[in-house]
Every structure is written in C-alpha cells, then in structure tokens.
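Because the structure is a prediction, the values reported are computed rather than measured. Quick note on labels: first sequence line is chain A, next is B, and so on, each numbered from 1.
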Amino acid sequence: MRTSWADLAASPAAESAGPGSSASNVGTGNPSAPTRPVYVPPHLRNRPPSAEAPAPANSGRTSASGSVAGAGNVGSRLAMPRNDTRLGYGGGSRTGWGNRGSGWDRGKEREANPFGDEDNAEEAIGEQDNTGINFDAYEDIPVETSGGNVPPPVNTFAEIELGEALDQNIRRCKYVKPTPVQRHAIPISLAGRDLMACAQTGSGKTAAFCFPIISGIMRGQPVQRPPRGVRTVYPLALVLSPTRELSMQIHEEARKFSYQTGVRVVVAYGGAPINQQLRDLERGVDILVATPGRLVDLLERARVSLQMIRYLALDEADRMLDMGFEPQIRKIVEQMDMPPPGARQTMLFSATFPKEIQRLASDFLSNYVFLAVGRVGSSTDLIVQRVEFVQESDKRSHLMDLLHAQRANGVQGKQALTLVFVETKKGADALEHWLFINGFPATTIHGDRTQQEREMALRSFKSGNTPILVATDVAARGLDIPHVAHVVNFDLPNDIDDYVHRIGRTGRAGKKGLATAFFNENNASLARALADLMQEANQEVPAWLSRYAARSSFGGRNRRSGGGRFGGRDFRRESFNNRGGSDYYGGGNSGGGYGASGGYAGGYGPGVTSAWD
DNA sequence: AAAAAAG
C-alpha cells in the first residue's frame, strides 16, 4: 500500500542510490521498485530484529560507567541490537505506542547510534550528561505563567507519557529529572498549546521543545503526503535557529532524543554543500532543523514544503525576530505554505524576550501560554560577573594578565576554556593573531570565515586543543560548550540581551562560571542596564559603574523598566498601555515587571495558573 | 555601526 508519505519519500531516495533511474519508479507506483536496498525505507525499518542478538546482561538502563552512555561501544553496530529488544519494539507495552497497525512503522535498523559513535563522545555528550547537572542550583526557581488554562507542571519524566523509546533515550542522556523549564514547558506543549518560553541560558530548552515534538510525531496519525513532486519532502516539524553551529547542535541533540523512535531529524544550513543535505532530505525527514537562508533556498527550489508542518519551534526566538531576521522569518512562516497559527503548534524559546519582540511574535501564535522560568535576575547567579575599567589601548595587555593568572591557577587535568567576545570580525582575527604570537593558542569564529573553518575552530576549542576562542556574536547564543570556565567581554555588546547570552556560554547545567567584562567610556550607554542586571544577580557592582549608570539613566533603549529580569514578563499584561509603541521593554509601565521581591504569580505547585486569567 | 543568514 502506497498510502504513507514515507513511501513517497522512500522512492526518490532509492533513486538516489541509482542515479540513472530518475523518478521512474515513483511514477509507476511500484512499492518495491528499488532493487538495491542500500536504503531501508521507513515502512520496513521497524521490523523486529528477529534474529538479532539478544540483549546482553548489560541492561543499558544506566550504564553509569563513564560519562557517556554506550561509550564502551566502539562502533554503532555493536550497540544497536542490544537496544532493539528494549526500546522501540519490546517496549510497546505502553498504551498505544506499540500499535503499528497504522502502517506507520517506526524504528530503524541502520540508524547510527548517536550515543556511541562519536569520536569525542565525552565532549559531545558531556554537558548534557546530567549526572553532572547540579539540580540544587535550580531549587526555588521563580516561575510565571500566563494565558488561559495553563497545564500544570510535572515533577518527573516518568509522569509524562512520552513513549518508551523516548524514555529510553532520556535515560541514555542521563537526564534524571526534568529541569524547571522542562517541567513546565513539556506539559504545556503536550497539551497542544502554543508557547512562548523564557528560561535562563543553559537550562535545558532544547529538550523542552524536542521532547513534545518527537513524542507528538510518534503518537500522531500517519500522514498521507500529497504527491506534489517526487523530490519535495514534507517535514512535520520545523526548528529554526539563528546560526549554523546552533542548528548543528540542535540537530545532534534531537538525533539523540529520537534515536530508534523512527523519527527522522535532518539539518540544513548555509555554507556547506547543499547536495548532502538534499540527499539527507530525500531519505525522509520528520523534523527539519535549519537556518533561515538555506531553508528559503530549499523552499524556493521546492525541495521542501511546509504544508505538513505540525510543529514550529523558534530557538533564540527574539533574535530570530529582530530587525535582521524578521523578514526572512515572516516569509518562511507566513508567506510559504505553512499552516497558519492554530493549525500548527508553535513554540518560541529564548533566555531573553523584549516586549516589542513579543508583540511581533504574537503574530505567529494562537492562544499561547507565556512561561518564564528563572531566577530573579536575567543571568543565573551561578555566573560570577566582574566588570573592569579598561581603556581600549590597555585591553590586550589586560587580557594577557587574565590569561596568565588563569594559567597559573592551573586548572587540573583539562585546561579550562576561555571564550573571548569581540565586536567585529576583523577585531577577532587581529586579537587571535596577537594572542597566538604571544604564546596563547587561540582560534576564532566569525562570519567571515568559511564554514569549514568555523566548525574546525569550534571543535578545536571544545576539545581543549585550542583553549581560547575569540568570537563575534555568532557564538553568543545557544552554543553548548562544556568546560567554558571564563567568558571575557573584551568588547562589550551594545545590547544588554546580547551580554546575557554571551555570559550564558558559561555557568551551564548548574555549573559555575566566571564572566569578565572590559568597560570604558565607549560602553556608557550600557552602564545602567549592566549595573541593574548585576545587582539583580547579586553581583558586586563597582562604585564607578554605578556612577556611570546614574549619569546615563534617562532610559536609553537598554534600560529595562521595573528591573527587566530576563525579559521574563508577558507583554500582554501591559499591552493595553503599550499600544503607542514608544516604549522598549515596556518602558514607562508602572508595574515594574516582577515585583521587586516575590512578585511572581505562582507556578510553584500543580494547578497554578496566574493572575493573568 | 556590527553581526548573522543563500550563493
């Protein structure tokens, strides 16, 4: 029966195995046309591994040895038979999950094991290795929700019906219990609600939107794909992010979560050859992770259609909707063939969410829940923030002093990683060169480098091979780099939100971090916001900075009324007096965001909704 | 003014 889109997707893929065959086998409607089954079509992937080796004694439940699940497996093949009997198939005890009657067979026999086949498994999984998560750091987190009928949070993964295969992957990731944003966001999404979520950097947002998507796709009705054109693919979920490296990272994470669920995740971004990405797409895609430019390209080539999208997730959503990106995002979301709000489920995530961006974002949402999870303070107080007054001309030698001190401190074992942010691409190259000739191995990542160079730089940094990375804002958001001990704002950004994201590259997953900023007259416009932010995060604010702040306190665009926290306030609450649009961050409101202390509407216990209703 | 994102 050629009813499933998967069959449609399968044919072009088979065709790609034999380039000469063109689209003929699709046209014939012959389901078993491919004679060289290099590729296992989705409808065949889920055959119970009848003759496979039985599960060894090693249960795999918590291979707590080492930091990596399956680290002992040299190759991916080794790991898979063991798991097959436990995950996708045998586990079908849960209601509905094992039911393959729909012809929507899931699971794969050829899927590479994303847990066991990575060269740098420790680095790759390290941060998400939640044995290392310091959950105590997440106690007493203030939560605010608003919107109608907010589904209550959960306390454990077990009480969420995510499906056996996904549960198993959660165990493999060593996620012991959900982080606060996951506790709240996952039930909201599973209930089918649209969501705008603010949560601190490093608090597990990726999983928060991936789990409901994967679960929903597994649970969902099989789709009949319109045979629009054989080379067009119809993803069910779209995840957009502002940088290529972040898309890669989300893809890697999502692959782990969807391992042996039969849900296929594909990534597409610019700067890399498009042909491999096209081949990946042709093999079938449920979740497409992409950067906007490349996606538009694919859409215009009609290689991707958004017609079947059920889930849309924007990571770093405020960034995606700011001036540079907004037209592209609108084009993708509103002017292609994506179902409208209400006909799809939309999830927006970021650590920061300025009010006027919330307003733009609300165009994409339908009856959404606003969720803010985080401490009172836009940055986690796991990060020690320092500001030093440094003239432009002294910055280099000052950085050198810091690096020397750090080296002297001799972090045992692996060298601590230092991420240095600068303002410009040229400045990045210049600083890298200077560091290099002064004996500090450094590399750099910015938009003037080739994609290969960018990826190489990031790998080299992550592995500790080059423990200093000089970066522009391309690296400011979302990147999850374990062991970043120190973020240096060599040049401060002009926007306080960028500062929040930059320093959020450290202090992740409940670990501590240090952030040092070089401040001088050029940064006067940031003084107020910076001082406020630091104060909220219980950081020591230098007296000279407070003086700068007082001097420039006539509400520049960086000034957040009411102590902006991390943008964690639903603009709808104040929108009636915000229509004028003259405000930024709701400037001039009287309410002042969260109350100075304990002003949260609730969210601590189940069933709590908010005063917004 | 800068950075990012298609080629």
Specify the separation, in whole Å, of atom [atom1] of [X] and atom [atom2] of [N].
{"X": "A/F325", "N": "B/dA5", "atom1": "CZ", "atom2": "C1'", "value": "5 Å"}
{"X": "A/D473", "N": "B/dA5", "atom1": "CG", "atom2": "P", "value": "12 Å"}
{"X": "A/D495", "N": "B/dA3", "atom1": "CG", "atom2": "P", "value": "15 Å"}
{"X": "A/L526", "N": "B/dA1", "atom1": "CG", "atom2": "C1'", "value": "15 Å"}
{"X": "A/L246", "N": "B/dA4", "atom1": "CG", "atom2": "P", "value": "14 Å"}
{"X": "A/R477", "N": "B/dA2", "atom1": "CZ", "atom2": "C1'", "value": "15 Å"}
{"X": "A/D315", "N": "B/dA4", "atom1": "CG", "atom2": "C1'", "value": "15 Å"}
{"X": "A/D497", "N": "B/dA3", "atom1": "CG", "atom2": "C1'", "value": "15 Å"}

Practice problem: For A/V296, answer base if it contacts any base atom (sugar-phosphate contacts may also be present), sugar-phosphate if it contacts only those atoms, and nothing otherwise; contact means non-hydrogen atoms under 4.0 Å. | Solution: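 It contacts nothing in the nucleic acid.
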
Quiz item: So what does A/G324 hit on the nucleic acid, given a heavy-atom distance under 4.0 Å: a base, only sugar-phosphate, or nothing?
Solution: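 It contacts base atoms.
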
Practice problem: Examine distances only and state if a side-chain atom of A/T506 and a backbone atom of A/I503 form a donor-acceptor pair shorter than 3.5 Å. | Solution: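 No, because the side chain of A/T506 does not come within donor-acceptor range (under 3.5 Å) of the backbone of A/I503.
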
Quiz item: Picking from B/dA2, B/dA5, B/dA3, which would you name as closest to the side chain of A/R319?
Solution: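 The closest nucleotide is B/dA3.
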
Sequence neighbours excluded and cut-off under 3.5 Å, please list the side-chain donor-acceptor pairs for residues 467-479 of chain A, or say none.
residue, atom, partner, partner atom, Å
A/T472, OG1, A/V474, N, 3.4
A/D473, OD1, A/R502, NE, 2.7
A/D473, OD1, A/R502, NH2, 3.2
A/R477, NH1, A/E316, OE1, 2.8
A/R477, NH1, A/D318, OD1, 3.0
A/R477, NH1, A/H501, NE2, 3.1
A/R477, NH2, A/D318, OD2, 3.2
A/R477, NH2, A/H501, NE2, 3.4

Does OP1 or OP2 of [N] have a side-chain N or O of [X] closer than 4.0 Å?
{"X": "A/R244", "N": "B/dA5", "value": "yes"}
{"X": "A/T472", "N": "B/dA4", "value": "yes"}
{"X": "A/R454", "N": "B/dA5", "value": "yes"}

Self-check item: Residues A/R244 and A/E455 bridged, charged N to O under 4.0 Å
Solution: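 Answer for the salt bridge query: no.
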
Exercise. May I ask you to check whether over 12 heavy atoms, not counting those of A/Q335, lie within 6.0 Å of atom CD?
Key: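 For A/Q335, atom CD is crowded (more than 12 foreign heavy atoms under 6.0 Å).
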
Quiz item: Distance from A/F364 atom CZ to A/M347 atom CE, nearest 0.5 Å?
Solution: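 Going from the CZ atom of A/F364 to the CE atom of A/M347 covers 15.0 Å.
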
Quiz item: Are A/W434 and A/F440 an aromatic pair by the rule of ring centers under 6.0 Å?
Solution: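 Ring centroids of A/W434 and A/F440 are no less than 6.0 Å from each other.
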
Quiz item: Among residues 425-436 of chain A, which residues get a heavy atom nearer than 4.0 Å to DNA chain B?
Solution: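 Contacts with DNA chain B under 4.0 Å: A/K425.
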
Self-check item: Which residues share a salt bridge (charged side-chain N to carboxylate O under 4.0 Å, His left out) with A/D363, sequence neighbours left out
Solution: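 Here the qualifying residues are A/R330.
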
